[in-house]
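What follows is a short report on a single structure.
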Amino acid sequence: QVQVVESGGGLVQAGGSLRLSCAASGSIFSANGMGWYRQAPGKRRELVASLRSGGSTNYADSVSGRFTISKGNTMNTVYLQMNSLKPEDTAVYYCNAEILGNGYWGQGTQVTVSS
């Protein structure tokens, strides 16, 4: 079965940077799309950034200009470079891989930004 694993979260001070990684494995097919989502306590999960196989990207207004999504050697590996982090970026960050019409979620990685 497809597994999606995120890594790279941690505690960082406001203004700092973190780089999250996501790897989807267990399928010989590359992902059609990859997305980063986040969920803060008491809030709903929201889309942070997405990447399509054709190279197009989308970002939430709140992170535009600060976060960058990119792929590795294949679409099954993506990264989220987070710069100029703010306390409001604190959340559990989840990766979602879209493969053959199905979405697969990772377990999430905690990002905590302190002031």
Side-chain angles (χ1 to χ4, degrees):
Q1 185 63 275
V2 174
Q3 285 188 305
V4 178
V5 180
E6 307 97 332
S7 62
L11 194 155
V12 65
Q13 291 188 322
S17 298
L18 283 174
R19 182 174 180 257
L20 306 183
S21 299
C22 172
S25 62
S27 175
I28 64 172
F29 300 102
S30 297
N32 301 118
M34 300 286 278
W36 284 100
Y37 297 73
R38 68 186 181 187
Q39 186 167 21
K43 295 187 177 181
R44 65 188 182 187
R45 190 171 299 185
E46 65 175 349
L47 177 68
V48 176
S50 64
L51 172 67
R52 307 305 300 178
S53 60
S56 62
T57 59
N58 280 287
Y59 297 92
D61 290 342
S62 59
V63 307
S64 180
R66 299 187 298 120
F67 291 9
T68 303
I69 187 171
S70 61
K71 71 177 186 67
N73 292 330
T74 71
M75 273 291 293
N76 287 9
T77 300
V78 294
Y79 306 95
L80 185 68
Q81 180 66 47
M82 306 185 295
N83 298 325
S84 302
L85 284 163
K86 306 174 181 179
E88 50 262 44
D89 294 319
T90 295
V92 177
Y93 283 70
Y94 298 90
C95 179
N96 182 267
E98 182 182 320
I99 304 174
L100 297 180
N102 290 321
Y104 301 89
W105 290 99
Q107 82 290 343
T109 184
Q110 177 71 49
V111 172
T112 303
V113 184
S114 63
S115 60

_Pair listing, disulfide bond (SG atoms under 2.5 Å apart) test, anchored in residues 38-68, at least two apart_ = none
Under 3.5 Å, which donor-acceptor pairs do the side chains of residues 17-24 form with other protein atoms, sequence neighbours left out?
residue, atom, partner, partner atom, Å
S17, OG, N83, OD1, 2.9

*Once you round to the nearest 0.5 Å, how far does NZ of K71 lie from CG of N76?*
10.5 Å
*Does E6 have any salt bridge (Lys or Arg N to Asp or Glu O under 4.0 Å) partners at least two apart in sequence or in another chain, and if so, which?*
none
*According to the ring pair (Phe, Tyr, Trp, His ring centres under 6.0 Å) rule, which pairs have a member within residues 61-101, sequence neighbours left out?*
none
*Qualifying residues under side chain to side chain contact (heavy atoms under 4.5 Å, CB included), relative to Q110, sequence neighbours excluded*: T90, V92, T112
_Just to verify, what does S84 make a side chain to side chain contact (heavy atoms under 4.5 Å, CB included) with, not counting sequence neighbours?_
R66
_Selection residues 33-56 - residue pairs positive for ring pair (Phe, Tyr, Trp, His ring centres under 6.0 Å), sequence neighbours left out_ = Y37-W105
*Quick one: list whatever passes side-chain hydrogen bond (donor to acceptor under 3.5 Å, both in side chains) with E46, sequence neighbours left out.*
R38
*Which residues pass the side-chain hydrogen bond (donor to acceptor under 3.5 Å, both in side chains) test with S114, sequence neighbours left out?*
none
_salt bridge (Lys or Arg N to Asp or Glu O under 4.0 Å) partners of R45, counting only residues at least two apart_ = none
*Taking only residues two or more places apart in sequence, or in another chain, which ones meet V5 in a side chain to side chain contact (heavy atoms under 4.5 Å, CB included)?*
Q107
*Is the backbone N or O of I99 less than 3.5 Å from a side-chain atom of N102, with the two atoms forming a donor-acceptor pair by type?*
no
*Pairs touching residues 48-60 that satisfy side-chain hydrogen bond (donor to acceptor under 3.5 Å, both in side chains), sequence neighbours left out*: R52-E98
